[in-house]
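In what follows, every chain begins at residue 1, and chains take the letters A, B, ... in the order their sequences are listed.
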Amino acid sequence: EDQVTQSPEALRLQEGESSSLNCSYTVSGLRGLFWYRQDPGKGPEFLFTLYSAGEEKEKERLKATLTKKESFLHITAPKPEDSATYLCAVQAGGAQKLVFGQGTRLTINP
Amino acid sequence: SQTIHQWPATLVQPVGSPLSLECTVEGTSNPNLYWYRQAAGRGLQLLFYSVGIGQISSEVPQNLSASRPQDRQFILSSKKLLLSDSGFYLCAWSVLGEQYFGPGTRLTVT
C-alpha cells in the first residue's frame, strides 16, 4: 500500500531561521511527488512536482529535493508569511489519484 | 487559464437533511475531478474521483455519493446528513498529475 509520512507534525521557527520539512514515502513506481501549501480555511496551493531522485525545484525561499525514499522542503530565511501547513503527496505509476501525508504545520514568529 | 469554483463557501445543515455541493472547472477539457474531505487539523481524505462523464470511483463507503453530469461539473450529494459529515470539502482537478484545488466548502452538520 502506498504511504506518505510527514515530519515533524508542527514546527515553530524564528524569522530568518532556516529549516527543512521531511516527507517519507513508499510507493509502487513513483510517477510524481507533489508539495502543496495550505493556509487556514483555504484549499491547498500547488508548489512543486518532482519526478525522479536527484531532482530539485526552487521557488523564492523554498527548495524541494527528492531521493528514492524521501523528499525535503527546505525553507531558507523564512518570513512570517511562510506560515502555513505544507502537504506532500505521491502518485503511483498508473494511478489517477494522489496519496497525501498529514502535513507539517509551520509557524514563523517575527 | 484554468479556474475551479465551489459553492457554497459555507453551509450549516441539520442532521438528516440532504446535501448538494457543486464544483465546476473552467479553461480545460476532460479533466480528472476529485472530492476530498478534510477534518479539522487533519489530512485530506479522498472521497470520490472521476476520469470522465458518468464515471465515478468511490474511495470510502459512506452516505455520500458523487455525480459528473457534464465534463467540467462534479457534484457531491447526500440524502441524509450525519454529524460525522461535518468538515471542509475540497474539489480538485488534474490533467497531467498535479492536482489543483478549489476554495472549499465548510460544512457544519448540527
- prompt: Most heavy-atom pairs under 4.5 angstrom with chain B, which of A:Glu45, A:Gln38, A:Gln91?
  reply: A:Gln38

- request: Could you state whether B:Leu83 and B:Leu76 fall into the same hydrophobic cluster, counting links through intermediate Ile, Leu, Val, Met, Phe, Trp or Tyr residues with side-chain heavy atoms under 4.5 angstrom apart?
  value: yes

- request: Can you tell which part of B:Gln38 gets under 4.5 Å to a heavy atom of chain A, answering side chain, backbone, both or neither?
  value: side chain

field: A:Lys57 atom NZ: more than 12 heavy-atom contacts under 6.0 Å
entry: yes

field: Proximity breakdown for A:Leu98 and chain B, heavy-atom pairs closer than 4.5 Å
entry: both

Linked, directly or transitively: A:Phe72 and A:Tyr86 (ILVMFWY side chains, under 4.5 Å): no

task: Indicate yes or no: at least one non-hydrogen side-chain atom of B:Phe101 is less than 4.5 angstrom from one of A:Tyr36.
output: yes

- request: Below 4.5 Å from any heavy atom of chain B, which atoms of A:Lys97 appear? Answer side chain, backbone, both or neither.
  value: both

field: Point-to-point distance, once rounded to the nearest 0.5 Å, from CZ of A:Phe34 to CD of B:Glu98
entry: 6.0 Å

statement: In short, B:Leu44 meets A:Pro44 closest at the heavy-atom pair CD1-CG, 4.2 Å

task: Mark yes when over 12 heavy atoms from residues, nucleotides or ligands other than B:Gln55 sit less than 6.0 Å from its CD; otherwise mark no.
output: yes

message: So, taking the atom named CD in A:Gln96 and the one named CG in B:Leu33, what distance separates them when rounded to the nearest 0.5 Å?
response: 11.5 Å

- request: Decide whether A:Leu50 and A:Ile75 are clustered together by the hydrophobic rule: side chain heavy atoms of Ile, Leu, Val, Met, Phe, Trp, Tyr closer than 4.5 Å, transitively.
  value: yes

field: ILVMFWY cluster, B:Ile53 and B:Trp93 together (side-chain gap under 4.5 Å)
entry: no

field: Same apolar cluster: B:Val95 and A:Phe46, side chain cutoff 4.5 Å
entry: yes

message: Using heavy-atom distances under 4.5 Å, tell me whether A:Arg31 contacts chain B through its side chain, its backbone, both, or neither.
response: side chain

- prompt: For A:Arg12, does the CZ atom sit with more than 12 other heavy atoms under 6.0 Å from it, leaving out its own atoms?
  reply: no

- prompt: Any idea which of B:Gly43, B:Gly104, B:Ala9, B:Cys91 has the most non-hydrogen atom pairs under 4.5 angstrom with chain A?
  reply: B:Gly43

Interatomic distance, B:Gln99 atom CD to A:Phe100 atom CZ [nearest 0.5 angstrom]: 5.5 Å

message: Below 4.5 Å, heavy-atom pairs only: which of B:Tyr49, B:Phe88, B:Tyr36 has the largest tally toward chain A?
response: B:Phe88

